[in-house]
Amino acid sequence: MVNMIEVIENNIKNAIEKSIEKAIDGGSIQIDDIPEIIIESPREKEHGDFASNIAMVLAKKARMAPIKIAGIIKESLYLEDTYIDSVEVANPGFINFKLKNDWLYDTLRQVQDKGDDYGKVNIGNGEKVQIEFISANPTGPMHIGNARGGAIGDTLSEVLKYAGYNVEKEFYVNDAGNQIAKFGKSLEARYLQLFGIDAEVPEGGYVGEDIKEHAENFKDIYGDKYVNEDEDIRRKALTDYALEKNIKRMKSDLEKFGVHFDVWFSEKGLYDNGDIDATIKYFKDSGKTYENEDALWFKATEYGVSKDEVLVRTNGIPTYFTGDVAYHRNKFVVRKFDKVIDIWGADHYGHVPRMKASMAALGLNPDNLEIIIMQLVRLIRDGKVTRMSKRKGQSFTLADLVDEVGKDAARFFFNMRSADTHFEFDLDLAVAKSNENPVYYVQYAHARICGILRQLAEEGDFIPKIEEVDFSQLKEESEIELIKKLAYFPEEISQSAKSLDPSRITKYVLELAALFHTFYNSCRVKGVEEELKKSRMILVDSTRIVIKNCLNILGISAPEKM
RNA sequence: GUGCCCGUAGCUCAGUUGGAUAGAGCUUUUGAUUCCGAGUCAAACGGCCGCAGGUUCGAAUCCUGUCGGGCACACCA
């Protein structure tokens, strides 16, 4: 649970703050209060390891030239017992800090000491977080958009666990409501058609091949038993049968994709256990509703939403919105999650403000509901955009994707870009040129390290004990840059968790792998002087650990041989 | 019409939440292995950060406007 970067930044912040206080007391700087001190790591190496712009920020308030303020701060900086080696002032007023290499050597000690746990930070404090994603309709197979949601959701969950949250992953099964009714009617039509009965799939129903298959399989089991049954009974039998099959299929497809849910939550269950009625009653009792044309409306406009929302239709059936409000009430009120994260496709964007409004109406803090809107995936095949329509049954499914490009490549790909970017998945590229996929670049780095260590072990050279290593041997630029990157891993987890953006980890591990390859080409591990070899073995092994931790978070295998 | 996302090298995208000379990968060109895994590395080429204003010491980043692409605005989910 140590974040070296955070420790150093706080050290520098404190030193600067004390220095400024001293300057204020001494009258050399005249300001009322000290603003937040920001420490950054400069792009240019000549600018040191860390830098602060505080002098420029203070310039106006203090009515002094920034360069002069920087000089004053530098003069009374207290640097004992820190990693700071030297301080320089640069135009127009930056204060640049150069560190002793000890901070890097201590980083290696930490990586070795923590192993699988290196990178873990505690910003979550064990807070109970629920993350809900995919939640695809169980009326057909999952499509490629669901795959993106799955990869992002699953990886974000792991990031949050690393960041100290108590995470529960959930899939909301829409097994009730209008779509299911249409699903049942579509199945019924296909079933009756098998007996030569002139039945039509309803307007807006499901016309995919999978519906026909369900009907045929159903017929194989039950024959004509349901042909002359009451239609409600017939539809229910067909729906129950097909839903079970579909959900089973989704679970096994997700298993192959490496996504595992802690809870599969049934929408129907909300009707059965009274949560829906309780929610409607709560809204009614608290005066948040009115009736219009026999429908029950929620006064969403009182919460800043542009229009009111229907809770119960004229036909007496609650809307999807009502179900979702009851569902979220269940998350917060019944199951007591501190924080809830939903990952939705951009086509659900319009749903966000009314959900937030309903949380407020329930007396809950809308800020505890975080909604990640994921831009839709466009599928490119033969250089053309292919449209996906689940109802027409012609979509490229999640299962197809895993079969064609593999779990590792698919998960890596989806996590290369943040959720809010439009994403084009070029199948031809991913399939035909899968060897060029960056996932191999990272996995290769891992396998390469394992290869080196394997060979050394065969020659009797094992990873040395930390106490026996003289880290000051490590001073080549490629070594320093690599260790620096390792030092940033916990900070990367922290940033990734705070911004709810798992793609940072993918970008990080790519850069880490690149730095390793650079190191490999300029420095040797085998065949160099003993002390240097020992310290490089630690460096290489530490790199292996961090790459592996990243790949674990991403849900991607870390092969020892390729 | 209203709201949201995107616009950065020929292509795909980063850009540490306002910092110093805007970076990778692919493509093209050139080079590197008697030695730990060449699925690798090094270098070169490549830019009006969509456009126009504004905010300030400082803008790809924030604000306003504008153009282009995508998505959403149901008694659907």
Side-chain angles (χ1 to χ4, degrees), chain A residues 5 38 40-44 46-47 51-53 55-57 59-60 65-67 90-94 96 135-137 139 174 177-180 182 204 267 292-297 306-307 309-321 323-324 345-353 373-376 378 416-424 426 429 433 435-438 440-441 443-445 447-456 459 461 478 488 491-492 495 498-499 503-504 507 510-511 513-514 516-528 533 536 540 561-562:
Chain A
I5 302 302
I38 293 166
E40 55 195 19
S41 67
R43 199 170 43 237
E44 299 296 324
E46 307 89 71
H47 297 144
S52 176
N53 63 352
M56 275 107 87
V57 177
K60 196 162 203 177
I67 193 88
N91 275 321
F94 287 104
N96 296 331
S135 299
N137 264 329
T139 50
N174 302 121
N178 235 328
Q179 289 303 317
I180 292 298
K182 274 185 191 163
E267 179 182 5
N292 186 23
E293 296 178 18
D294 292 330
L296 184 71
W297 293 73
S306 56
K307 61 182 272 301
E309 294 294 329
V310 173
L311 288 172
V312 182
R313 300 184 182 91
T314 305
N315 64 12
I317 300 172
T319 58
Y320 168 83
F321 170 65
D324 219 16
D347 54 341
H348 283 64
Y349 179 76
H351 196 48
V352 175
I373 289 295
M374 196 177 62
Q375 294 301 313
L376 299 181
R378 286 202 301 170
M416 288 204 316
R417 312 204 195 321
S418 62
D420 62 5
T421 59
H422 297 275
F423 186 69
E424 288 192 353
D426 189 331
L429 195 81
K433 303 169 81 178
N435 274 11
E436 289 176 20
N437 195 305
Y440 292 99
Y441 183 80
Q443 288 179 321
Y444 181 65
R448 203 177 210 184
I449 294 171
C450 291
I452 296 170
L453 294 175
R454 198 184 308 124
Q455 282 197 29
L456 284 162
E459 294 167 14
D461 271 325
S478 65
Y488 269 91
E491 175 67 11
E492 207 60 54
Q495 294 290 342
K498 282 177 191 163
S499 57
S503 75
R504 296 185 68 113
K507 290 162 193 160
L510 269 168
E511 288 167 9
F516 168 73
H517 288 309
T518 298
F519 159 80
Y520 176 85
N521 276 275
S522 66
C523 298
R524 294 187 54 78
V525 180
K526 259 179 82 173
V528 297
K533 183 178 72 187
R536 282 187 177 160
V540 156
K561 287 181 183 173
M562 292 174 71

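First the proteins, then the strands, lettered A, B, ... as listed; each starts at 1.
Closest non-hydrogen pair, A/Ala90 versus A/Asn96, comes out as CB-ND2, 3.7 Å.
The base of B/A38 lies outside donor-acceptor range of the side chain of A/Asn521, with no N or O pair under 3.5 Å. Side chain A/His422 to base B/C5: a donor-acceptor pair is found below 3.5 Å. With hydrogens and angles left out, the side chain of A/Arg524 and the base of B/C35 share a donor-acceptor pair within 3.5 Å. In this model, no side-chain donor or acceptor of A/Thr421 finds a partner on the base of B/C6 within 3.5 Å. For A/His348 against B/A77, a side-chain N or O and a base N or O form a donor-acceptor pair under 3.5 Å.
Listed candidates were B/C75, B/U56, B/A14. Nearest to the side chain of A/Lys60 is B/U56. Of the listed nucleotides (B/G39, B/A20, B/U16), B/U16 has the atom at the smallest distance from the side chain of A/Ser41. Between B/A77, B/C57, B/G37, one nucleotide has an atom nearer to the side chain of A/Ala447 than all others, and that is B/G37. Here the side chain of A/His517 is nearest to one of B/G37, B/G19, B/C41, namely B/C41. Comparing B/G37, B/G19, B/C75 by their nearest atom to the side chain of A/Met56 picks out B/G19. When the nucleotides B/G70, B/A20, B/G37 are ranked by their closest atom to the side chain of A/Phe94, B/A20 comes out on top. Each of B/G37, B/C4, B/U12 was ranked by its minimum atom distance to the side chain of A/Tyr349; first place goes to B/C4. For A/Pro42, counting side-chain heavy atoms from C-beta on, the closest listed nucleotide (B/G15, B/U16, B/A20) is B/A20. Of the candidates B/C36, B/C6, B/C76, the closest approach to any side-chain atom of A/Asp420 belongs to B/C6. Nearest to the side-chain atoms of A/Arg43 among the listed nucleotides B/A20, B/C76, B/C71 stands B/A20.
In the model, A/Ser478 has no side-chain atom that pairs as donor or acceptor with a side-chain atom of A/Thr518 under 3.5 Å. Defined by atom type and a distance below 3.5 Å, a donor-acceptor pair is missing between the side-chain atoms of A/Asn137 and A/Thr139. Checking A/Arg417 against A/His422 by side-chain atom types alone, no donor-acceptor pair falls below 3.5 Å.
Rounded to the nearest Å, the gap between the C1' atom of B/U66 and that of B/U21 is 31 Å. When the P atom is used for both B/C6 and B/C63, the distance is 12 Å, rounded to whole Å. Taking the C1' atom of each, B/C13 and B/G54 are spaced 29 Å apart, rounded to whole Å. Using P as the reference atom, B/A59 and B/A52 are 15 Å apart when rounded to the nearest Å. When the C1' atom is compared between B/U55 and B/U61, the two are found 13 Å apart, to the nearest whole Å. With C1' as the reference atom, B/A72 and B/A77 are 13 Å apart, rounded to whole Å. Taking the C1' atom of each, B/C49 and B/G18 are spaced 16 Å apart, rounded to whole Å. B/A9 and B/G50 are spaced 15 Å apart, taking the C1' atom of each and rounding to whole Å.
Between A/Tyr320 and the phosphate of B/A74, there is no side-chain N or O to OP1/OP2 separation shorter than 4.0 Å. Between A/Lys307 and B/C73 there is no side-chain N or O to OP1 or OP2 distance below 4.0 Å. Proximity of A/Asn174 to the phosphate of B/A77: no side-chain N or O atom is located under 4.0 Å from OP1 or OP2. Side-chain N/O atoms of A/Asn53 include none lying less than 4.0 angstrom from OP1 or OP2 on B/G19.
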Self-check item: Watson-Crick and G-U pairing of RNA chain B written in dot-bracket, each distance under 3.5 angstrom, with | for inter-strand partners
Solution: (((((((..((((.....[...)))).(((((.......))))).....(((((..]....))))))))))))....
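A distance cut-off of 5.5 Å between ring centres, combined with a plane angle under 30°, leaves A/Tyr441 outside any stacking arrangement with the base of B/G39.
For the pair A/Ser418 (side chain) and A/Ser503 (backbone), a donor-acceptor distance under 3.5 Å is absent. A donor-acceptor pair under 3.5 Å is formed between the side chain of A/Arg313 and the backbone N or O of A/Pro318.
Comparing A/Glu309 and A/Pro92 by the nucleotide of RNA chain B whose heavy atom lies nearest to each, the residue mapping closer to the 5' end is A/Pro92. Remark on RNA chain B: of its neighbouring residues A/Gly527 and A/Phe321, the 5'-side contact belongs to A/Gly527, judged by nearest-heavy-atom nucleotide.
In this structure, A/Arg448 forms no cation-pi arrangement with A/Phe516, as its terminal cationic atom is not both closer than 6.0 Å to the ring centre and no more than 45° off the ring axis.
Looking at heavy-atom distances under 4.0 Å, A/Ala51 makes contact with a base. Base engagement by A/Thr314 is indicated by at least one non-hydrogen atom pair under 4.0 Å involving a base atom. Residue contacts shown for A/Glu491 are absent, as no nucleic acid heavy atom lies under 4.0 Å away. Within 4.0 Å (heavy atoms only), A/Ala295 reaches at least one base atom of the nucleic acid. Here A/Ser499 lies in heavy-atom contact (under 4.0 Å) with a base. Using a 4.0 Å heavy-atom criterion, one finds that A/Asn96 contacts the bases of the nucleic acid, with or without backbone contacts as well. In this structure, A/Met416 reaches neither bases nor backbone, as no heavy-atom distance under 4.0 Å exists between it and the strands shown.
Between the CD atom of A/Gln455 and the P atom of B/C35 there is a distance of 12 Å, rounded to whole Å. Per the geometry, CZ belonging to A/Phe516 stands 13 Å off P belonging to B/U40, to the nearest Å.
Applying the side chain to side chain donor-acceptor pair (under 3.5 Å) test to A/Glu491 and every residue at least two apart in sequence or in another chain returns A/Asn3, A/Gln495.
Under 4.0 Å is where a charged nitrogen must lie from a carboxylate oxygen, and between A/Glu492 and A/Lys507 no such pair does.
Ring planes of A/Phe321 and A/His351: perpendicular class, angle over 60° (limits at 30 and 60°).
More than 12 heavy-atom neighbours from other residues, nucleotides or ligands sit within 6.0 angstrom of NZ on A/Lys307.
With a glycosidic angle more than 90° from 0, B/U29 adopts the anti conformation.
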